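Step one of this worksheet: look at the structure below.
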Amino acid sequence: MSKKIADALLSWYAARRRSLPWRDQPEPYAVWVAEVMAQQTRLESMLPYYERWMARFPNMQTLAAASEQEVLTLWEGLGYYSRARNLHRAAQIVVREYGSWLPESVAGLMKLPGIGRYTAGAIASLAFGVDAAAVDGNAVRVLTRVFNLEDSVGSSALGKQVWARAEALLPEGQAADFNQALMDLGAGLCAPRNPDCAHCPLRDYCEAYALGIQEQRPVRAARQALPQRDFAAVVLERGDAVLIRQRPSEGLLANLWEFPNVEIHNPKRGKAELRREWSPEVEPRKRIQVLEHSYSHFRARLQVYRAQGVLPGEWVPVAELERYPMGKLDRQIAEGLRDALG
DNA sequence: GAAACGTGGCT
DNA sequence: TAGCCAAGTTT
């Protein structure tokens, strides 16, 4: 049965495979960058970033030699910024300790920061032809449906089963095509909702389809609703420069730059909160804009005020703000400044 | 093992 | 609309 499933999948893939920049002539560095960029991110979203990244950092050495500031700037907008910092750190390790060559084994790859089991399997199979499985969210969806696996996503029980199933199916010498076929199928036909079972190469082997419960796999534990938190930010001007500061090296938006801000519990109290924190003169009537955005673990709302006063940070001309990596909200403030101050 | 970590697209 | 979920890893 395993061979039939793998054959059906490989035949489908041979006819349907998409052309991707790192897929046709898999070069290890390119595969690594692409796989990290694709973590928790749709291919359509990361593709423009990938092209820009490869143009600026075409190989391990250019990446290792770059500044973290520039690395983060190229990553800005993609999210999960520790991926960029880990890529940068790993490149420096590879250049310094491995003669600029990426390890070829799953175990060796997993020693590098930012490379877990999935990414190690993907690089080993796609770039080095190793017979390693690579189970991502798409593969989990396909496998839980084909084998009607009922443990919930994220549980160790399901993790063991999907990896065991993937490894059992893995056709010798064709891990790269098999892994990518599984992911392509999950990203396309075997979608979370409204899967196109009529055209699925695995329909005849799919237990969930036979039971009519495709959309009930994989089983997911209920998520916590995102808490909402409110912040008030200030724009301090000195000539044509504004004050920004760098965030801590750990946690949310680590090492990115932001406009000085304080958390407020009631947006209407923004002015009082700002005064208490810094005792500058705050002018809420000159508010530039109100922004709102969902982060992975809370919903942030940012109100922007102009203020006078002195705070720790760096004065940066508005025209140079683009070289300072920021999260989405702060970038929107920076973009709005041209009009507001111009 | 659970929680933290960004952002965008789709329903 | 509000919620779901995505080519996962780290702490």
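Just so it is clear: chains get the letters A, B, ... in the order the sequence lines come, proteins before strands, and each one is counted from 1. A quick note: this is a predicted structure, and the numbers were derived from the prediction, not measured.
Between Met326(A) atom CE and dG6(B) atom P there is a gap of 16 Å when expressed in whole angstrom units. Distance, Glu250(A) CD to dC5(B) P: 10 Å, rounded to whole Å. Remark: P of dG6(B) and CZ of Arg331(A) are 16 Å apart, rounded to the nearest angstrom. Between the OH atom of Tyr81(A) and the P atom of dG8(C) there is a distance of 18 Å, rounded to whole Å. As rounded to whole Å, 10 Å separates atom C1' of dT9(C) from atom CZ of Arg83(A). Across the protein-nucleic acid pair, Glu76(A) atom CD and dT7(B) atom P stand 9 Å apart, rounded to whole Å. The distance between atom CZ of Arg229(A) and atom P of dG6(B), rounded to the nearest whole Å, is 13 Å. Between Met37(A) atom CE and dG8(C) atom P there is a gap of 15 Å when expressed in whole angstrom units.
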Item checked: Per-nucleotide protein contact string for nucleotides 2-7 of chain C (B base, S sugar-phosphate only, - none; heavy atom under 4.0 Å) -> ---BBB
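When the ring-ring contact (aromatic ring centres under 6.0 Å, His included) test is applied to Trp53(A), the partners found at least two apart in sequence or on another chain are Phe57(A), Trp75(A).
Using a 4.0 Å heavy-atom distance criterion, Ile115(A) is classed as a sugar-phosphate-only contact. Counting non-hydrogen atoms under 4.0 angstrom, Gly77(A) reaches the backbone sugars and phosphates but no base.
Contact between the side-chain N/O atoms of Ser82(A) and the OP1/OP2 oxygens of dT9(C) is not found at any separation under 4.0 Å.
Using a 4.0 Å cut-off between a side-chain N of Lys or Arg and a carboxylate O of Asp or Glu, Arg245(A) and Glu258(A) qualify as a salt bridge. Salt bridge status for Glu167(A) with Arg117(A): present, with a side-chain N to carboxylate O gap under 4.0 Å. Between Arg217(A) and Glu150(A) there is a salt bridge, since a side-chain N of the basic residue sits under 4.0 Å from a carboxylate O of the acidic one. A salt bridge links Asp184(A) with Arg18(A): the distance from a Lys NZ or Arg NE/NH1/NH2 to an Asp or Glu carboxylate oxygen falls below 4.0 Å.
Both Lys328(A) and Ser155(A) sit near DNA chain B, but only Ser155(A) has its closest nucleotide nearer the 5' end. Nearest-nucleotide assignment on DNA chain B puts the 5′-proximal partner with Ala157(A), out of Ala157(A) and Gly327(A).
Side chain of Arg83(A) to main chain of Gln39(A): a donor-acceptor pair is present (N/O by atom type, distance under 3.5 Å, no hydrogens or angles).
Rounded to whole Å, the separation between the P atoms of dC10(B) and dA7(C) comes to 13 Å. dC4(C) and dA3(B) are spaced 16 Å apart, taking the P atom of each and rounding to whole Å. Here, dG8(C) and dG1(B) have their C1' atoms 16 Å apart, quoted to the whole Å.
With dG1(B), dG6(B), dG8(C) as the candidates, the nucleotide lying closest to the side chain of Thr119(A) is dG8(C).
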Next item on the list: List the steps and the verdict of side chain to side chain contact (heavy atoms under 4.5 Å, CB included) for Leu321(A) and Phe259(A).
Entry: CA-CA 11 Å; Leu321(A) 285 176; Phe259(A) 291 87; 4.3 Å; yes
